[in-house]
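All remarks here apply to the structure that follows.
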Amino acid sequence: PEIKTYYDLRLIRKAGPKLVYAQFAGKTPLPANSGNSIEFRGFKDLDTNPENAMLTEGKTPDGQNLVPYAIVAELISVGTYVSFSDIIMLTAIDLKMKEIVDKLSNQASVILDKLIRNTIISHYEVGVTYAGRVDGLSKMSVANSKISVADIRFLVNILKRVNAPTIDGMYPLVLHPDVVLDLQADEAYKEMHKYARPDNLFNGYVGDVAGARIYESTNVKISKYGDKAIYWCSIIAEGAYDTVSLEGGALRTIIKPVGSSGSADPLEQRGSAGWKATTATAVKVPEYIETYACCASYNAVEDAEDEITAA
């Protein structure tokens with residue numbers, strides 16, 4: 001048990017720095033034996049038109065109705081494992097296992113972060129801002145659809161207009177390193193960055209721009225559209241989404257040493273190590289997330305996760 005605890009902690013410590021989207025999520029625990037889904041309930045905002053709040057002497061006005069809404073998140077279990085032979089583990093056993101756990105940790109962090117990302121960028125019904133504020137992907141080009149400080153100001157204003165709360169006074173904007181490279185070449189960014197706070201408050205912190213706090217992550221989704229790589233970035237407000245952790249289902253390692261399989265491995269030749277987690281992500285306030293689609297000078301079409309054939 002002590003050895004396993006050590007490897008569990010090592011997995012979590014190694015996974016942490018790569019979890020960029022996860023750090024901006026609210027955290028909701030789910031007790032064991034509570035079902036395989038969780039429901040978030042709330043009420044829509046009330047009317048704030050002053051004309052509808054005017055009182056007439058001696059007359060009781062009509063009351064407003066509380067309009068409830070519910071969002072359901074389904075739990076999913078994810079995990080993988082690798083097998084190894086007794087030959088691999090014949091020398092420097094502890095060192096080899098550390099290397100294996102480190103590789104699993106990197107894999108777990110990327111997969112878990114991408115699962116969160118997929119949920120938050122799937123809310124296209126709220127709207128997507130395209131670089132240069134064009135009408136859609138068909139109007140974008142590598143030359144003219146790179147990120148700009150003007151676009152960042154526009155994204156921040158979208159969240160401000162719905163009174164979205166900030167995180168430590170700023171809205172996190174998650175960009176791919178290819179996009180950050182273009183941003184850092186912008187003269188307006190260079191001037192603003194002189195006054196950015198130097199302390200790294202969160203993993204992947206780059207700098208502050210016009211009310212947005214820039215973070216970079218290779219977990220940003222890239223799609224291929226024609227000969228262009230489309231980078232799906234996100235600007236996020238506090239309370240936009242939650243991740244759900246099932247009691248007993250946290251990220252953990254599962255190590256089966258060589259010789260632990262009994263009759264299934266009569267010559268004690270095989271072992272395995274893996275990771276597993278049970279989680280869910282729920283977008284609670286879609287208006288608190290805006291997706292930003294842009295191109296980049298690097299144009300990493302070869303890194304695209306999917307291809308868009310119509311837009």
Side-chain angles (χ1 to χ4, degrees), residues 15-30 34-42 44 69-80 106-130 137 155 158-159 162 164-165 167 171-176 179 202-204 212-213 215-223 230-247 249-251 275-294 303-308 311:
K18 300 177 183 68
L19 294 170
V20 175
Y21 292 97
Q23 64 192 326
F24 305 123
K27 307 298 189 291
T28 299
L30 182 65
S34 297
N36 62 356
S37 64
I38 183 170
E39 185 175 78
F40 296 91
R41 297 181 180 181
K44 294 184 178 180
Y69 69 89
I71 296 170
V72 177
E74 299 288 338
L75 288 169
I76 57 172
S77 292
V78 291
T80 63
N106 181 71
Q107 180 192 49
S109 66
V110 172
I111 289 175
L112 292 173
D113 217 37
K114 284 184 175 181
L115 286 171
I116 297 172
R117 176 208 69 185
N118 290 347
T119 299
I120 69 175
I121 70 171
S122 67
H123 284 67
Y124 287 167
E125 68 270 14
V126 178
V128 177
T129 295
Y130 299 94
L137 295 177
L155 292 170
I158 289 173
L159 296 186
V162 295
I167 298 176
Y171 295 116
L173 174 59
V174 183
L175 306 176
H176 192 279
V179 178
F202 290 91
N203 298 323
R213 180 152 287 156
Y215 298 87
E216 65 179 354
S217 173
T218 54
N219 293 341
V220 169
K221 185 175 182 178
I222 302 175
S223 297
I230 305 298
Y231 296 78
W232 300 99
C233 308
S234 304
I235 190 166
I236 302 159
E238 185 175 27
Y241 58 96
D242 270 23
T243 55
V244 181
S245 297
L246 176 66
E247 180 184 356
L251 176 61
W275 63 271
K276 184 169 71 172
T278 302
T279 186
T281 302
V283 174
K284 299 194 299 182
V285 187
E287 294 82 4
Y288 287 4
I289 304 171
E290 182 73 7
T291 299
Y292 177 64
C294 66
D303 293 335
E305 295 183 32
D306 60 11
E307 183 172 3
I308 301 171

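Bear in mind that the values here come from a model prediction, so they are computed numbers and not experimental data.
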For K284 and G239, which heavy atoms make the closest approach, and how far apart are they?
CE-O, 3.9 Å
Say whether S223 and E305, considering side chains only, have a donor N or O and an acceptor N or O under 3.5 Å apart.
no
Apply side-chain contact (heavy atoms from CB on, under 4.5 Å) to the pair V110 and N219, showing each step before the final yes or no.
CA-CA 7 Å; V110 172; N219 293 341; 3.7 Å; yes
With heavy-atom distances below 4.5 Å as the criterion, would you say the side chains of L112 and L251 are in contact?
yes
Measuring from atom CD of Q23 to atom CG of D113, what distance do you get when rounded to the nearest 0.5 angstrom?
8.0 Å
Steps toward side-chain contact (heavy atoms from CB on, under 4.5 Å) verdict (Y130, L137):
CA-CA 7 Å; Y130 299 94; L137 295 177; 3.7 Å; yes
Take F24 and Y215, measure what ring pair (Phe, Tyr, Trp, His ring centres under 6.0 Å) needs, and give me the verdict at the end.
CA-CA 11 Å; F24 305 123; Y215 298 87; 4.9 Å; yes
Closest non-hydrogen atom pair between T129 and E290, with its separation:
OG1-OE2, 2.8 Å
Might you work through the side-chain contact (heavy atoms from CB on, under 4.5 Å) test for K276 and T80, ending with a clear yes or no?
CA-CA 7 Å; K276 184 169 71 172; T80 63; over 6 Å; no
Would a 4.5 Å heavy-atom cut-off, applied to side chains only, mark Q107 and W275 as touching?
yes
Between CG of L173 and CD1 of I236, what distance do you get to the nearest 0.5 Å?
8.5 Å
Separation between OG of S109 and NZ of K114, rounded to the nearest 0.5 Å
10.0 Å
Is the closest side-chain heavy-atom distance between R117 and K221 below 4.5 Å?
yes
Does a side-chain heavy-atom distance below 4.5 Å link L115 with V78?
yes
I want to check something: taking the side chain as every heavy atom from C-beta on, are T278 and I76 in contact at a cut-off of under 4.5 Å?
no
Can you tell whether the side chains of K27 and D242 come within less than 4.0 Å, N to carboxylate O?
no
Heavy-atom distance under 4.5 Å between the side chains of V220 and L175, does that happen here?
no
OH-CG distance between Y21 and N118, expressed to the nearest 0.5 angstrom
9.0 Å
Taking all atoms of both residues into account, what is the closest heavy-atom pair of A73 and T281, and its distance?
CB-O, 4.0 Å
Pick from S234, S217, P172: which one makes a side chain to side chain contact (heavy atoms under 4.5 Å, CB included) with V20?
S217
Check: W232 and I222 side chains under 4.5 Å, non-hydrogen atoms:
no
Side-chain contact test, heavy atoms from C-beta onward, threshold under 4.5 Å: evaluate it for Y292 versus I235 and give yes or no.
no
